[in-house]
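These notes concern the structure reproduced below.
What you see is a predicted model, and the numbers here were worked out from it, not measured in a lab. Letters A, B, ... mirror the listed sequences (proteins, then strands); counts begin at 1. Hydrogens, waters and symmetry mates play no part in the numbers below; they use all other heavy atoms, side chains included.
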Amino acid sequence: MIQVFNTLTREKEVFKSITPGKINMYVCGPTVYNYIHIGNARSAIAFDTVRRYFEYRGYDVNYVSNFTDVDDKIINRAQEEGISEMAVANKYADAFHEDTLPLNIKPATVRSRATEVIPEIIAFVQDLVNEGYAYEVEGDVYFRAKKFKGYGILAHQDLAEMEANAAGRLDDEETARKEDPIDFAVWKSQENPDVISWPSPWGNGRPGWHIECSVMAQKYLSDTIDIHGGGIDLAFPHHTNEIAQSEAHTGQRFVNYWMHNGFVNVDNEKMSKSLGNFTTLHDLLANYDDPMAIRYLLATTQYRRPINYAEETLAQARAELDRIRTGYRNLEFRLTSAISGHDNVIDQEVNRQQQAFETAMDDDFNAQNAIAAVFELVTLANTYAESDTVKQSSGNQLLETLQMLMQIFGVDIVETQTSLNPEQKQLFDDRANARKSHDFQKSDQLRDELNAQGIIVEDTPQGQRWHKA
RNA sequence: GGUAGUAUAGCCAAGUGGUAAGGCAACGGUCUGCAAAACCGUCAUCGCCGGUUCGACUCCGGUUACUACCUCCA
């Protein structure tokens, strides 16, 4: 039984998919006008981890996400750089794929772009107009928020309050056009031939921000989907408006479980584009040599909690991950001289911790409790590796479990296989011989030499071993 | 102003009506020719003030601080 915190009800609810064994989920992707920042990465990782856990639990997950590839920011960027809107979108969509690869984020089952569903968007908007949920004003089409019963409940916003706030904020021109200040655009007029636009029944224009997600979720999934995810800031207005559009359109419930990830903060302050205090993943990866540590940090914090990002927290995450890697390596090496068979005590403990992991993750993806079970396995691996007799089967099972559980977080703890070059191999063997003949001066010198080449040599009761620094 | 969230050791962070998981760092010890790694051990009374209770960090009331959302934003 998996429990999921549903933003709509603000409660943990027992998760039940519409179709047994299958999950349809939609996650809001980035606007591709720049490299994604750590906050975007966190969102992608949070839902990738959710997806991986559901898959581990045997679900077939249909994961749909989008790229918003046409909006004001992209248009501005295109004009600044003197290139087309699509060139901007393509560049940063490619960068997204490139940068998320080292973070081990699984590709979406379907990754759609807004501009790929323009006909569907226009048809959707037309229907809203026909049904009286939307109206046209000089080429713009607005959604009548008030006509949709229950508008704002996702974010628990009070309509009257919103109205008061919206009235004071919007520029007069746009407010004047709308019937009501809280109405929002589903289609935006664009008659300037230098700016990208599509012909529509209301003249040339482009989609409003929220409409693409409603359209894609319906097109690639269904009228009612199991899970819709995104950053907590999207609850209002984006998801609020999606609900209004979709439910007005289909008459069906749009989403069963709304999941929202918490923010990444910098120095305890929100990281945002307007504050300019964001770090792009692109830059971070360029200056950091352990992408798995980034994944570890972002995946092992419960998805709804804020993460305070700093070099120090990343370093701490890396230290934790190193402990897991080392434990894995310790037992892996020990297994080279293990005997066949298995130990019931070990097997049972491995099983127990795996269950603890599942219990934790079942509880709204409580990653911190899950990782605690992983550390129990690490300690078990280390103590087992030090025992006099190690059985192949149990040792292997322990390692496989450790690897599998970390893979749910998208963290690969098995270092890629490398080998010593012939010279290093010679130094390594010479050192073993020097130690055998108690020539410690020489053996220490050889160890230093290898160390200088990034090869760490360690002695164990089973002989010396090495790994990369 | 409205609506939410958070406050647990030097740091990160679980948790629950019955005397505080896990990790990082630190310190002590074991192991080691020396290291490294590992292992063992030490390290908090849970923002503040009241209340309920046999008993609260956990429930209730109040209070303080920080953060977020209220049409740029993951």
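- At a non-hydrogen distance threshold of 4.0 Å, A:R435, A:F440, A:S443, A:D444 from residues 435-445 of chain A come into contact with RNA chain B.
- Pairing partner, B:C43: none, since no Watson-Crick or wobble contact has both distances short of 3.5 Å.
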Which atom pairs link the protein and nucleotides 9-13 of chain B when you take only N or O atoms and keep those under 3.5 Å?
{"residue": "B:C11", "atom": "O2", "partner": "A:Q316", "partner atom": "NE2", "Å": "3.4"}
{"residue": "B:C12", "atom": "O4'", "partner": "A:Q316", "partner atom": "NE2", "Å": "3.2"}
{"residue": "B:A13", "atom": "O2'", "partner": "A:Q368", "partner atom": "OE1", "Å": "3.3"}

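- Contacts of A:N382 with the nucleic acid, taken as non-hydrogen atoms under 4.0 Å apart, involve only primed sugar atoms and P, OP1 or OP2.
- Take A:Q392 and apply the side chain to side chain contact (heavy atoms under 4.5 Å, CB included) test, not counting sequence neighbours, and it matches A:L335, A:A338, A:N396.
- Residue A:G262 is in base contact, counting any heavy-atom pair closer than 4.0 Å across all strands shown.
- Residue pairs meeting the salt bridge (Lys or Arg N to Asp or Glu O under 4.0 Å) criterion with at least one member in residues 401-418 of chain A, sequence neighbours excluded, are A:R329-A:E415.
- Residue pairs meeting the salt bridge (Lys or Arg N to Asp or Glu O under 4.0 Å) criterion with at least one partner in residues 225-246 of chain A, sequence neighbours excluded, are absent.
- The side chain to side chain contact (heavy atoms under 4.5 Å, CB included) test applied to A:A299 returns A:I45, A:T49, A:R295, A:F409, not counting sequence neighbours.
- Listed by chain and number, the residues in a salt bridge (Lys or Arg N to Asp or Glu O under 4.0 Å) with A:D180 are A:K146 (sequence neighbours excluded).
- Only A:V457, A:E458, A:D459, listed by number, bring a heavy atom of residues 453-469 of chain A to less than 4.0 angstrom from any atom of RNA chain B.
- Side-chain N/O atoms of A:H37 and base N/O atoms of B:A74 include a donor-acceptor pair closer than 3.5 Å.
- Within 4.0 Å (heavy atoms only), A:V374 reaches no atom of the nucleic acid at all.
- With sequence neighbours left out, A:E320 forms a side chain to side chain contact (heavy atoms under 4.5 Å, CB included) with A:Y296, A:Q316, A:F375.
- Among the protein residues, A:F263 comes within range of the nucleic acid bases, having at least one heavy atom under 4.0 Å from a base atom.
- Among residues two or more places apart in sequence or in another chain, the side chain to side chain contact (heavy atoms under 4.5 Å, CB included) test is passed with A:K147 by A:Y133, A:R144.
- Applying the salt bridge (Lys or Arg N to Asp or Glu O under 4.0 Å) test to A:R42 and every residue at least two apart in sequence or in another chain returns nothing.
- Residues of residues 383-391 of chain A that place a heavy atom closer than 4.0 Å to RNA chain B, in numerical order, are A:T383, A:E386.
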